[in-house]
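Because the structure is a prediction, the values reported are computed rather than measured. Note on naming: letters A, B, ... go to the chains in the order of the sequence lines (proteins, then strands), and numbering restarts at 1 for each one.
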Number of protein chains: 2
Amino acid sequence: MTAIHTARDPRFPALGVAVDVVVFTVRDGQLEVLLTRRPDEEPFPGAWSLPGGFVRPDESADDAAARELAEKAGVEDVFLEQLYTFSAPDRDPRSRVVAVAYYALVSADKAALGARADGRTRAPQWFRVQAESEEHAQAFLPGQPPVTLAFDHDEILRTAVQRIRGKLEYVPIGFQLLPPHFTLTELQSVYEAVLGHPVDKRNFRSKIQKSGLVRESDAVKKGPHRPAKLFEFTQRTF
Amino acid sequence: MTAIHTARDPRFPALGVAVDVVVFTVRDGQLEVLLTRRPDEEPFPGAWSLPGGFVRPDESADDAAARELAEKAGVEDVFLEQLYTFSAPDRDPRSRVVAVAYYALVSADKAALGARADGRTRAPQWFRVQAESEEHAQAFLPGQPPVTLAFDHDEILRTAVQRIRGKLEYVPIGFQLLPPHFTLTELQSVYEAVLGHPVDKRNFRSKIQKSGLVRESDAVKKGPHRPAKLFEFTQRTF
DNA sequence: CCAAAAGTGTTGCAGTTACACCCATGA
DNA sequence: TCATGGGTGTAACTGCAACACTTTTGG
């Protein structure tokens, strides 16, 4: 900790730049977020926090976020977008760290592969997101009270939930949370999980079909009931 | 330049955090942006650039942006919002600098007070913004070709123009660009300048009046024609 | 034949667009 | 009286919300 107080170029005060990634998935109709456990050291020993880490000298923040996502969640080539930069001088009690926050959308099938442990942090874990109002968002495990996240990560999570809700209305990000083939009911379930409220089935289906964003495939999903047509995106990126 | 390579905490590589502020105003129906001239030293000697500077150890990026705005544009208490963080490793050829970009909206009456010079940089100057398509935005002086900005500031400017256009549609930021009392024609002119295209007078007026965001005052603006009613915002903040 | 989920249309309302003329004033 | 910008209403259209029953399958 003393090293950072050595004499240096005054334009570069002792200050770190980190990325934190809010990784979302939807599983069983529930919005979930990936959290990692902090080591048993100050600050916030053992607390849950968003996966993140310092930006390396030769990489952009975007690169760093993608790297963290690969390391902590084990996923690549997913939707990843910058959220906001958090820079309160005391947001990290040890030293000055500016956090460039990102959010990622991962389909449930990819999410299952991820969540690997490394040496310092224990295995990351998926938490459900509870966000009844616009101003609150909390992570919790079923049957347990919500957890309080380290640093300002509760605020980052809240900001991320607001962002995806707003964005879902006019950008087709819902597709990012599904495998290549999906039923319209599954797509609707994703929308409901993100928005936090039910949507009308007939209106939803007609809107989606009119949008031209999905194409009917010839496969069906079977079950102990009427089979559902499987759809696919007409374009993978937007 | 060597100082930043001294041994130090590895979590804090030699890396600076700066803020750049895209200060907009609307004057004579034209969207304008404030630019400062770089000193005659590398990199980009004498080039025009967005006002900005390094974040100090004890201030947040928000604070730094507000400070830059006060120092370079001479304005305080204006609309100022974070835009995006630019972090390509080579965006500053000298050394690693991450830029947290902001955009500000200043009314033309306040803008006239600002634009002061300091020792290193010459007096900042207002440039018009040309942005016919969504993908291009350039600064220019009347009768002159567009200027190429230093660093990645052309990209930042373009991002800022996209942002205010998108935001204007659903957030009443147009008011930030006007003095406390204004005519509906002036407000319409601000919208047209930001959006870059004309809007229908009758539809605009009925939408604004229905919104409840403005209140008719009892003053009028005179001229060599029929006097126009002056309006005021019903709320100063949103 | 029963349970479970899939699938399907219409109507009313609200918001948006397109559009042209008269009004009040100062010079 | 003329030039200048201020001010006003309506009709067609489009998108969104509300709403309930029939179909297909496996067990």
Q: How long is the line joining CG of B:Leu230 and C1' of D:dG7, in whole Å?
A: 15 Å
Q: For a side-chain contact (heavy atoms from CB on, under 4.5 Å) with A:Leu31, tell me which candidate from A:Thr25, A:Leu195, A:Leu177, A:Ile164 qualifies.
A: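 Of the listed options, the one satisfying the test is A:Ile164.
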Q: Does B:Gln125 reach the side chain of B:Trp48, with side-chain heavy atoms less than 4.5 Å apart?
A: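 Heavy-atom side-chain distance check passes, below 4.5 Å.
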Q: Between C1' on D:dG6 and CD on B:Glu186, what's the gap in Å once rounded to a whole number?
A: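 One finds 12 Å between C1' of D:dG6 and CD of B:Glu186, rounded.
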Q: Ignoring hydrogens and geometry, is there a side-chain-to-backbone donor-acceptor pair from B:Gln138 to B:Val129 under 3.5 Å?
A: no
Q: Classify the nucleic acid contact of B:Thr185 as base, sugar-phosphate or nothing, counting any heavy atom under 4.0 Å across all strands shown.
A: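 Contact class for B:Thr185: sugar-phosphate only.
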Q: Determine whether a donor-acceptor pair (N or O, by modelled atom type, separation under 3.5 Å) exists between the side chain of B:His181 and the backbone of B:Leu230.
A: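 Checking the backbone N and O of B:Leu230 against the side chain of B:His181, no donor-acceptor pair under 3.5 Å is found.
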Q: Applying side-chain contact (heavy atoms from CB on, under 4.5 Å), can you list everything that pairs with B:Asp154, at least two apart in sequence or on another chain?
A: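 Partners of B:Asp154 under the side-chain contact (heavy atoms from CB on, under 4.5 Å) test: B:Thr148, B:Leu149.
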Q: Find the distance B:Lys221:NZ to D:dT4:P and express it as a whole number of Å.
A: 17 Å
Q: What are the residues of residues 191-199 of chain A, sorted by number, that bring a heavy atom to within less than 4.0 Å of DNA chain C?
A: none
Q: So, B:Arg37 side chain and B:Gly46 main chain: donor-acceptor pair closer than 3.5 Å or not?
A: yes
Q: Assess the side chains of A:Ser87 and B:Ser60: does a donor N or O sit below 3.5 Å from an acceptor N or O?
A: no
Q: If each of A:Phe231 and B:Pro224 is mapped to the nucleotide of DNA chain C with the nearest heavy atom, which maps nearer the 5' terminus, i.e. the 5' end?
A: A:Phe231
Q: Across nucleotides 12-22 of chain D, 5' to 3', mark each nucleotide with B, S or - according to how protein heavy atoms within less than 4.0 Å reach it.
A: -----BBBB--
Q: According to salt bridge (Lys or Arg N to Asp or Glu O under 4.0 Å), does anything in residues 159-171 of chain B pair up with another residue at least two apart or in another chain? List the pairs.
A: B:Glu81-B:Lys167, B:Glu134-B:Arg165
Q: Identify the 5'-most and 3'-most nucleotides of DNA chain C with at least one atom closer than 4.0 Å to a non-hydrogen atom of chain A.
A: C:dA4 to C:dG9
Q: Among residues two or more places apart or on two chains, list those pairs meeting ring-ring contact (aromatic ring centres under 6.0 Å, His included) that have a residue in residues 196-227 of chain A.
A: A:Tyr191-A:Phe204
Q: Give a yes or no on this: more than 12 heavy atoms of other residues, nucleotides or ligands lie within 6.0 Å of atom CD of A:Gln209.
A: yes
Q: Looking at A:Arg91 and A:Asp152, would you say the former's side chain and the latter's main chain have a donor-acceptor pair under 3.5 Å?
A: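 The answer is no, because no donor-acceptor pair under 3.5 Å joins these two groups.
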Q: What is the separation between atom CD on B:Gln188 and atom C1' on D:dG7, rounded to the nearest whole Å?
A: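 The distance from CD of B:Gln188 to C1' of D:dG7 comes to 12 Å, rounded to the nearest Å.
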